[in-house]
Amino acid sequence: MLLKTEALTKNFGGLTALNKVDFEIQEGEIVAIIGPNGAGKSTFFNLISGYYPSCSGTISFMGKDMTRTPTHEFASRGIGRTFQTTNLFTDSTVLDNLIIGYRSKTKMGMLDAIFNTSRARRDEGASREKATEVLEFIGLTEVKGQPVGNISQEAAKRLAIGLALVTEPRLLLLDEPAAGVNHGETNELAKLIKKIQQTGTTVCLIEHKVQMVMNLAHRIMVLNYGSKIAEGTPKEISNNERVIEAYLGGAAHA
Ligand SMILES: Nc1ncnc2c1ncn2[C@@H]1O[C@H](COP(=O)(O)OP(=O)(O)O)[C@@H](O)[C@H]1O
Ligand SMILES: [Mg+2]
């Protein structure tokens, strides 16, 4: 097992955003987390990527307890992620975004950079090499010199995924990777996600596009009001009464 949470809980003031969630991710699979808006999906990611501390419960990754691991160590331990709203530098080029991303996630210190130490020069070569490799993998080599502000929404989504790939995560967390792109582009992003899994990276994604989830995921967890209400294969989930009710209930209140 790659990742395991037990009774993982997060409160914000009086609100329980995540309520005693038990979940396991197996090495090599694609798992999806679905649920209505505000269900706690992003909060779950924020906890298992160390972005927020949990209030109670435990997280273990590759057999090691990570519950109290500091935020900056999650990437080096093998958990990479994207954010729901992409934080790219729009004035910088596609390639530079990857290089900056690589440096900020590896150990190149500010002083090394300022004094241009031999270590900084070595890291510079490594970061350019890694960025070029990732560019090719995500299919953006042709636009590498373009400012990010000029590339398509779908290309920006690929780049956000690329930024999470530069540290070679064992587990990649994707928060709504296909939000705001059209149907054809969604299929292209799904292919990229499949390719990531096929090269040996375990993927956990949050996604509203049901068809994409059903096609990609081996297993799905459904959250509602912070609690896990169902877990199973795409087929089991699409026939689950509680899931159907949560979605219809959500639609009725929307
Ligand atoms: N940093 C935060 N501070 C306060 N409340 C938050 C914070 N992050 C999320 N929440 C609340 O927690 C609940 C779950 O949010 P979230 O995990 O973002 O849901 P989802 O991603 O499923 O739409 C929501 O009610 C949201 O308003
Ligand atoms: Mg969210």
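Positions are given from 1, in the same order as the sequence printed here. Keep in mind the model is a prediction, meaning the values are calculated, not measured. We count ligands from 1, going down the list as the structure has it; atoms in each ligand are counted the same way.
Within 6.0 Å of CD in E136 there are 12 or fewer heavy atoms belonging to other residues, nucleotides or ligands. Within a 6.0 Å sphere centred on CD of Q198, heavy atoms belonging to other residues, nucleotides or ligands number more than 12.
The 4.0 Å heavy-atom shell around ligand 1 contains residues F12, L15, A17, P36, N37, G38, A39, G40, K41, S42, T43, Y52, ordered by chain and number.
For T93, the side-chain contact (heavy atoms from CB on, under 4.5 Å) test picks out L95, D96, with sequence neighbours left out.
By the 4.5 Å side-chain criterion applied to Ile, Leu, Val, Met, Phe, Trp and Tyr, F89 is assigned to a cluster that also includes I100.
Geometric assessment of R81 against the ring of Y51 yields a positive cation-pi assignment under the 6.0 Å and 45° thresholds. K195 forms a cation-pi arrangement with F137, by the criterion of a distance under 6.0 Å to the ring centre and an angle within 45° of the ring axis.
Side-chain atoms of K209 and T186 include a donor-acceptor pair closer than 3.5 Å. For the residue pair D175 and S42, a side-chain donor N or O sits within less than 3.5 Å of a side-chain acceptor on the partner.
In this structure, the ring of Y52 has its center no less than 6.0 angstrom from the ring center of F45.
Of all protein N/O/S atoms, those lying under 2.8 Å from the Mg ion (ligand 2) come to 2.
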